[in-house]
Enquirer: 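My structure is below; once you've seen it, I'll send some questions.
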Amino acid sequence: MKVYFVGAGPGDPELITVKGRRLLGEAGVIIYAGSLVNPEILKYAAPGAVRYDSASLTLEEVLAIIRRAIAGGQVVVRLHTGDPSLYGAIQEQMDALERMGIPYEIVPGVSSYAAAAAAIGREYTLPGVSQTLILTRRGGRTPVPEMESLTELSRHRASLCLFLSSQSLAAATAELASGYGPETPAAVVYKASWPEEKVIRGTLGDIAAKAREAGIERTALLLVGDFLAGDYKRSRLYDPAFSHGYRGARNNNG
Ligand code: SAH
């Protein structure tokens with residue numbers, strides 16, 4: 001028997017993977033991060049599955065539940081919001097399982113940064129604008145290395161997606177404005193893919209106030225960069241004058 005770390009996706013229950021959904025149906029024990037995972041997703045669980053909300057549990061308590069379940073011959077699904085590899089605190093769980101000799105597997109999920117781009121209908125990597133996406137957070141109780149401060153990162157003017165920082169948007173946008181400039185387009189996406197999804201658009205100079213007026217305090221991402229608005233170069237991949245391994249160049253009529 002195994003422990004599966006499953007990405008639940010950003011909220012919409014249809015945005016879990018086919019594999020994640022199948023494993024939910026096979027699990028005897030499901031431990032889910034109740035503060036962020038849409039409880040609707042538990043409709044894929046078997047009726048007899050035992051469910052634990054990890055919001056009120058410590059790492060030790062989660063591990064004790066897993067150990068008992070595996071000893072009892074049960075499949076365990078540990079459900080994390082979005083994709084588990086981002087701010088999922090799964091490394092410490094995997095390392096502990098390793099020490100306990102319990103096998104595990106990770107099933108990726110649709111991260112909220114992808115759901116946010118879908119919500120606003122923009123592409124992060126526009127030719128001539130930016131070919132880089134920075135996924136980061138502002139330092140809080142979890143410190144961020146100095147080299148990764150928002151002031152430092154803003155110097156690249158790459159497309160940027162800020163997690164876990166809805167409570168400190170004013171400070172975050174002020175720091176980001178040092179490199180991007182206050183006129184740079186910004187958006188806040190609240191609960192991407194949930195029925196209560198909200199999108200707020202503005203600039204680095206005004207987005208924090210707009211988000212505050214809209215009452216957004218959690219479960220939101222701040223997106224920053226020129227990818228949000230304006231001009232870009234057409235992709236060479238689909239340019240008729242550009243050949244690649246899967247397609248030869250064509251003339252203008254072709
Ligand atoms: N592993 C998750 C991130 C967990 S950290 C993922 O891949 O998306 C939790 C933070 O993610 C929240 O504070 C918020 O910034 C962001 N988040 C998670 N779900 C979201 C959603 N549906 N819409 C907007 N932001 C979301």
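Both backbone and side-chain heavy atoms feed into the values below; hydrogens, waters and symmetry mates do not.
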Enquirer: For residues M94 and F5, determine if any side-chain heavy atom of one lies less than 4.5 Å from a side-chain heavy atom of the other.
Expert: yes
Enquirer: How would you list, by chain and number, every residue that makes a salt bridge (charged side-chain N to carboxylate O under 4.0 Å, His left out) with E98, sequence neighbours excluded?
Expert: none
Enquirer: Go through I30 and Y52 one step at a time and tell me if the side-chain contact (heavy atoms from CB on, under 4.5 Å) criterion holds.
Expert: CA-CA 6 Å; I30 297 165; Y52 297 91; over 6 Å; no
Enquirer: Would you say I16 and V6 make side-chain contact, with heavy atoms under 4.5 Å?
Expert: yes
Enquirer: Write out all pairs satisfying ring-ring contact (aromatic ring centres under 6.0 Å, His included) with one or both partners inside residues 129-162, taking only residues at least two apart or from two chains.
Expert: none
Enquirer: When clusters are formed by joining ILVMFWY residues with side-chain heavy atoms under 4.5 Å apart, either directly or through shared neighbours, do L15 and Y4 land in the same one?
Expert: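 Per the 4.5 Å side-chain linkage, L15 and Y4 are not co-clustered.
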Enquirer: Flag the pair D95 / R99 as yes when at least one side-chain heavy-atom distance between them is below 4.5 Å, and no otherwise.
Expert: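 Yes, side chains in contact.
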Enquirer: Using side-chain heavy atoms (C-beta onward) and a distance below 4.5 Å, is P13 in contact with Y44?
Expert: yes
Enquirer: Test of understanding: with salt bridge (charged side-chain N to carboxylate O under 4.0 Å, His left out), list the residues that count as partners of E146, not counting sequence neighbours.
Expert: none
Enquirer: Which pair of non-hydrogen atoms, one from P127 and one from S235, has the smallest distance, and what is that distance?
Expert: CG-CA, 4.0 Å
Enquirer: Regarding R78 and Q93, do their side chains bring together a donor and an acceptor under 3.5 Å, going by distance alone?
Expert: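 Their side chains do contain a donor-acceptor pair, which is all the 3.5 Å distance test asks for.
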Enquirer: Answer yes if L150 and L221 sit in the same cluster of Ile, Leu, Val, Met, Phe, Trp and Tyr residues linked by side chain heavy atoms under 4.5 Å apart, and no otherwise.
Expert: no
Enquirer: Taking it one step at a time, do Y190 and E197 satisfy side-chain contact (heavy atoms from CB on, under 4.5 Å)?
Expert: CA-CA 5 Å; Y190 169 75; E197 170 185 295; over 6 Å; no
Enquirer: Filter on side chain to side chain donor-acceptor pair (under 3.5 Å), then keep only pairs touching residues 135-144, sequence neighbours left out; what's left?
Expert: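 Sorted pair list: R138-E175.
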Enquirer: I'd like to check the salt bridge (charged side-chain N to carboxylate O under 4.0 Å, His left out) partners of D226; sequence neighbours left out, ordered by chain and number.
Expert: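 Testing D226 for salt bridge (charged side-chain N to carboxylate O under 4.0 Å, His left out), a comparison that skips the adjacent residues, returns R157.
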Enquirer: Rounded to the nearest 0.5 Å, how far apart are CZ of R155 and OH of Y180?
Expert: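 Between R155 CZ and Y180 OH, I get 12.5 Å after rounding to 0.5 Å.
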Enquirer: Of the non-hydrogen atoms in G20 and V107, which two are nearest, and what is the gap between them?
Expert: N-CG1, 4.0 Å
Enquirer: Give the intermediate values and the outcome of side-chain contact (heavy atoms from CB on, under 4.5 Å) for residues L228 and I120.
Expert: CA-CA 8 Å; L228 284 165; I120 59 171; 3.3 Å; yes
Enquirer: Between Y104 and K2, does a side-chain contact (heavy atoms from CB on, under 4.5 Å) hold up when you go through it step by step?
Expert: CA-CA 5 Å; Y104 60 86; K2 249 191 196 177; 5.8 Å; no
Enquirer: I'd like to check L162 versus V224 (side-chain heavy atoms, cut-off strictly below 4.5 Å). Are they in contact?
Expert: no
Enquirer: Grab the two heavy atoms, one from S193 and one from D12, that are nearest each other, plus how far apart they are.
Expert: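 Shortest heavy-atom separation between S193 and D12 comes out as OG-N, 3.0 Å.
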Enquirer: With a 4.5 Å cut-off on side-chain heavy atoms, are L160 and L133 touching?
Expert: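 L133 vs L160: side chains apart.
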Enquirer: Less than 4.0 Å between a side-chain N and a carboxylate O, is that true for R21 and E14?
Expert: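 No, E14 and R21 are not salt-bridged.
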Enquirer: Return the minimal non-hydrogen interatomic distance between C161 and L223, and the atom names on each side.
Expert: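 In this case the closest contact between C161 and L223 is SG-CD2, 3.6 Å.
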Enquirer: Between the side chain of S130 and the main-chain N/O of T125, is any donor-acceptor distance below 3.5 Å?
Expert: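 Checked: no pair found.
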Enquirer: Quick one: pull up CD1 in I216 and CD in Q167 and give me the separation to the nearest 0.5 Å.
Expert: 12.0 Å
Enquirer: Do I66 and L97 come close enough that some side-chain heavy atom pair is under 4.5 Å?
Expert: yes
Enquirer: Is L164 reachable from L153 through a run of I, L, V, M, F, W or Y residues, each pair having side-chain heavy atoms under 4.5 Å apart?
Expert: no
Enquirer: Using distance only, find each side-chain donor-acceptor pair of residues 56-64 under 3.5 Å and give its atom names and separation, not counting sequence neighbours.
Expert:
{"from": "T58", "atom 1": "OG1", "to": "E61", "atom 2": "N", "distance (Å)": "3.1"}
{"from": "T58", "atom 1": "OG1", "to": "E61", "atom 2": "OE1", "distance (Å)": "3.4"}
{"from": "E61", "atom 1": "OE1", "to": "T58", "atom 2": "N", "distance (Å)": "2.9"}

Enquirer: Would you be so kind as to tabulate the donor-acceptor pairs closer than 3.5 Å made by side chains of residues 200-215, with sequence neighbours excluded?
Expert:
{"from": "T203", "atom 1": "OG1", "to": "P182", "atom 2": "O", "distance (Å)": "3.4"}
{"from": "T203", "atom 1": "OG1", "to": "G205", "atom 2": "N", "distance (Å)": "3.2"}
{"from": "T203", "atom 1": "OG1", "to": "D206", "atom 2": "N", "distance (Å)": "3.3"}
{"from": "T203", "atom 1": "OG1", "to": "D206", "atom 2": "OD1", "distance (Å)": "3.4"}
{"from": "D206", "atom 1": "OD1", "to": "T203", "atom 2": "N", "distance (Å)": "2.8"}
{"from": "K210", "atom 1": "NZ", "to": "R201", "atom 2": "O", "distance (Å)": "2.9"}

Enquirer: Sequence neighbours left out, what passes ring pair (Phe, Tyr, Trp, His ring centres under 6.0 Å) with Y124? Give chain and number order.
Expert: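 For Y124, the residues satisfying ring pair (Phe, Tyr, Trp, His ring centres under 6.0 Å) (neighbours in sequence not counted) are F227.
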Enquirer: List for me each residue that meets salt bridge (charged side-chain N to carboxylate O under 4.0 Å, His left out) alongside E183, sequence neighbours excluded, and say none if there are none.
Expert: none
Enquirer: Can you give me every donor-acceptor pair (side chain of residues 108-118, partner residue at least two apart or in another chain, under 3.5 Å) with its distance?
Expert:
{"from": "S111", "atom 1": "OG", "to": "Y113", "atom 2": "N", "distance (Å)": "3.4"}

Enquirer: Can you confirm whether more than 12 heavy atoms, excluding those of R67, are under 6.0 Å from its CZ atom?
Expert: no
Enquirer: Is there a path from V75 to I65 through hydrophobic residues (I, L, V, M, F, W, Y) whose side chains come within less than 4.5 Å of each other?
Expert: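 Same cluster.
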Enquirer: Just wondering, do I106 and I90 contact through their side chains at under 4.5 Å, heavy atoms?
Expert: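 Yes. Closest side-chain heavy atoms under 4.5 Å.
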Enquirer: Please report the closest heavy-atom contact between S154 and L176, naming both atoms and the distance.
Expert: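 Heavy atoms only, the tightest pair is CB-O, 3.3 Å.
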Enquirer: If I compare all heavy atoms of T151 with all of S178, which pair ends up nearest, and what's the gap?
Expert: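 Closest pair (atom of T151, atom of S178, distance): CG2-OG, 3.3 Å.
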Enquirer: Just distance, no hydrogens or angles: give the donor-acceptor pairs under 3.5 Å from side chains in residues 36-43, sequence neighbours left out.
Expert:
{"from": "N38", "atom 1": "OD1", "to": "E40", "atom 2": "N", "distance (Å)": "3.1"}
{"from": "N38", "atom 1": "ND2", "to": "G11", "atom 2": "O", "distance (Å)": "3.0"}

Enquirer: Listed by chain and number, what are the ring pair (Phe, Tyr, Trp, His ring centres under 6.0 Å) partners of Y87, not counting sequence neighbours?
Expert: F163
